[in-house]
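Note sheet for the following structure.
From a predicted model like this one, the values you see are computed outputs, not experimental measurements. Letters A, B, ... are given to chains in the order of the sequence lines, protein chains preceding strands, and every chain is numbered from 1.
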Amino acid sequence: MNLPDDIILSLYEKMVATRLFDLKVKELVEKGHRILYHSGIGQEAIPTGVCAHLRREDYLIPYHRGWGYMIAKGMDMGRILAELMGRVNGYCRGKSGTHMACFELGVLGKTGIVGAGLPIAVGAALSAKMRESGQIVACFFGEGASNTGAFHEALNMAAVWRLPVVFVCENNLYDMYTPYLEVTSVANIADRASAYGMPGEVVDGQDVLAVYEAARRAVARARRGDGPSLLECKTYRWYGHFAGDEHHYGGYRSVEEVEAWRARCPIRGLREYAISKGIPAEELDLIEERVRAKVEEAERFALGSPEPGPRVALEDVYA
Amino acid sequence: MSSREITYAEAIREALREEMARDERVFLIGESINYGLFGVTAGLREEFGSERVRNAPISEAAIVGAALGAAITGMRPVAEIMFADFLFCAMDSIVNQVAKWRYMIAGQANVPLVIRAPQGSGFGMGCHHSQSPEWVFAHFPGLKVVAPSTPYDAKGLLKASIRDDNPVIFFEHKMLYRMRGPVPEGEYLIPLGRADVKREGSDATIVATSLMVHRALEAAAELAGEGISVEVIDPRTLSPLDRGAILGSVRKTGRLIIAEEACRTGGFGAEVAAIAAEEAIDALDAPIRRVAAFDVPIPSGGLEEAIIPKAEDIANAVRAAIEAKGRRGIGPAPDARSHPPSDYPWPT
Ligand SMILES: Cc1ncc(C[n+]2csc(CCOP(=O)(O)OP(=O)(O)O)c2C)c(N)n1
């Protein structure tokens with residue numbers, strides 16, 4: 001595979017933004033701000049590698065972990081952060097928090113119910129097909145979601161109607177405090193695809209180029225009208241399930257295991273590849289600096305945004 | 001005997017531990033209950049093993065369905081649904097199957113299972129992690145519904161729920177988990193269907209469960225300073241509901257206020273108001289008042305405080321009921337609406 005430099009640099013920028021934004025949220029949570037924080041650190045390659053193939057009008061169903069999809073789809077970090085902090089300049093006037101949507105960019109909303117996003121993705125794909133709009137849907141979820149009934153019903157429906165969906169499973173090996181193999185009948189979630197007559201592929205989720213390649217195939221298949229695919233990206237979250245998870249390091253996960261996965265940093269991996277291809281380290285450093293400034297700016301924007309008046313709580317119930 | 005104080009979460013854990021030790025048919029099933037998201041089940045796996053403290057996949061419909069299958073074949077499962085909001089993922093299992101199975105098979109087996117579910121707002125977690133859907137389940141014959149407000153009640157009611165031969169949905173309030181209160185060392189049970197008078201009074205009755213009991217008590221304490229004597233009745237179980245205790249108190253005070261955390265329309269308050277209207281309207285000196293959340297989903301973050309009743313809202317409803325004396329039957333109560341009046345005192 002020989003990717004042009006501009007794509008490598010763009011993937012690098014998105015991953016760095018995803019990482020630094022996540023760290024900023026972590027910092028704010030630690031300072032006492034009330035934000036529902038499900039860290040995506042360690043998993044940046046997956047949303048970045050998949051969303052690189054999406055067009056502005058394509059649909060996205062994110063899941064609870066991280067903000068890489070939103071960033072990769074072009075959402076503004078300042079407005080994402082403002083929404084997370086319940087500020088009026090957020091994407092949903094501060095009433096939505098983690099569930100935020102941005103319809104302008106095809107981001108349809110983020111459910112708090114594990115698995116519930118999959119059938120919604122199927123419906124968006126059905127709509128795209130019926131309207132012959134050419135749009136596809138990228139739907140993200142964790143391996144834990146693949147044990148919900150919603151997952152199985154959605155995959156069957158998407159396959160039988162040959163819908164343009166790419167199902168992306170981020171298998172970080174744990175659902176909350178439970179090792180996935182304790183509650184999951186197969187080691188590879190991708191194997192479940194064959195039960196629904198669609199291709200399933202295991203991908204190294206720490207390697208953004210591998211994710212990028214696999215997603216290219218799945219997205220192309222969806223655009224051709226050949227139907228859905230399931231990508232399972234093996235990965236790991238560096239931190240706890242959520243901000244209050246005290247058991248992730250040496251509790252339900254051994255310290256050795258966590259450290260071994262942290263050593264496989266997807267950003268460092270891409271950086272080393274870029275340098276080996278002759279991209280100067282200074283150029284990568286410059287990107288990092290630029291992104292860092294944007295994240296600081298996002299924080300200033302969010303903190304400077306007022307809280308919504310209480311009446312916002314009453315709006316939007318009915319059309 | 002010195003009175004021991006423990007938290008609501010500890011009281012629930014004690015009830016689980018005692019019932020598991022007492023009856024080997026009792027077992028726990030739920031997601032990540034090796035630690036438990038709220039720490040309620042922490043340590044039980046070490047004590048009873050992973051067969052009886054069973055981590056489940058994220059499969060709410062199957063967790064409840066499997067609990068039903070186990071219950072009708074000789075086990076006594078206690079299922080945990082991590083947030084009460086996720087009960088809706090198991091709605092068919094609960095409402096079409098669990099609630100009706102005994103009836104459907106003409107009593108050939110009982111359904112001795114408990115579903116524990118943390119409910120309530122308070123953490124700003126938004127519309128999928130903050131609901132209080134107790135009353136939804138109380139609507140369905142065949143289910144019992146419990147919602148304790150104190151550590152003492154939580155322990156005694158959970159033990160009784162586990163020993164009950166009927167399905168019980170046991171709502172635990174997230175904001176109460178850390179609350180401490182007296183819980184005796186020795187064993188005790190609290191029968192389902194019996195209300196508790198949390199405070200005696202003579203001018204007005206507030207009926208409330210779970211977190212709202214504490215807001216009602218706060219309101220009652222404030223009103224006492226104004227010379228208003230309020231009785232606070234905690235039914236503790238929504239189904240079966242202790243109508244006698246509610247009606248007895250209403251007959252005594254002549255005024256009824258119902259405080260609930262869920263939104264107003266078609267809820268617990270509506271049922272209690274209907275009971276009072278049907279059976280004690282002659283005793284009422286003022287229109288019945290419901291203090292409930294506004295009829296909207298629960299927003300994320302600090303905004304949730306704007307829609308959930310506060311002690312002050314409850315106190316205002318009592319004051320209005322007291323002022324209404326002598327104008328019985330004239331016009332609707334000023335707070336009887338699902339959206340706030342234009343002069344509603346929003347928190348600033
Ligand atoms: C229906 C439902 N059940 C349980 C939960 C609580 N919960 C939130 S995230 C989570 C673990 C999800 O694991 P996975 O899907 O693998 O995603 P990960 O968090 O590992 O990225 C659980 C159990 C929920 N939000 N919705």
Are Tyr177(B) and Pro118(B) close enough that some pair of their side-chain heavy atoms sits under 4.5 Å apart?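 Contact flag for Tyr177(B)/Pro118(B) side chains = yes.
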Does a side-chain heavy-atom distance below 4.5 Å link Asn147(A) with Arg192(A)?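 Counting from C-beta outward, Asn147(A) and Arg192(A) do come under 4.5 Å.
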Residue part contacting chain B, namely of [X], when any heavy atom lies under 4.5 Å:
X         : result
Ser146(A) : neither
Ile113(A) : both
Thr184(A) : neither

Flag the one option from Gly86(A), Gly144(A), Gly94(A) with the top tally of heavy-atom pairs under 4.5 Å to chain B.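 The answer is Gly144(A).
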Determine the option with the most heavy-atom pairs under 4.5 angstrom with chain B, choosing from Val183(A), Asp245(A), Asp316(A).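 Among the listed options, the one with the most contacts to chain B is Val183(A).
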Could you check Arg17(B) against Glu10(B) for salt bridge (charged side-chain N to carboxylate O under 4.0 Å, His left out), going step by step and ending with a plain yes or no? CA-CA 10 Å; Arg17(B) 180 185 292 125; Glu10(B) 286 162 351; over 6 Å; no
Name of the residue among Glu261(B), Glu304(B), His173(B) meeting side-chain hydrogen bond (donor to acceptor under 3.5 Å, both in side chains) with Ser121(B):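 Only one of Glu261(B), Glu304(B), His173(B) forms a side-chain hydrogen bond (donor to acceptor under 3.5 Å, both in side chains) with Ser121(B), namely Glu261(B).
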Which bit of [X] is near chain A, if near means a heavy-atom gap under 4.5 Å: side chain, backbone, both or neither?
X        : value
Leu37(B) : both
Asn55(B) : both
Ala61(B) : neither

Looking only at the side chains, is there a donor atom on one of Ser32(B) and Thr178(A) sitting less than 3.5 Å from an acceptor on the other?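 Side-chain D/A pair, Ser32(B) to Thr178(A): present.
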Side-chain donor-acceptor pair under 3.5 Å between Tyr236(A) and Glu257(A), yes or no?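 Yes.
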Between Tyr252(A) and His247(A), is the ring centroid distance below 6.0 Å?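 So the answer is no for these two rings.
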Is the distance from the ring center of Phe86(B) to that of His129(B) below 6.0 Å?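 For Phe86(B) and His129(B), the ring centres are under 6.0 Å apart.
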Quick check on the interface: out of [options], who has the most heavy-atom pairs with chain A under 4.5 Å?
options                       : answer
Ser59(B), Ser50(B), Pro297(B) : Ser59(B)
Ala62(B), Cys89(B), Gly302(B) : Gly302(B)
Phe123(B), Phe88(B), Phe83(B) : Phe123(B)

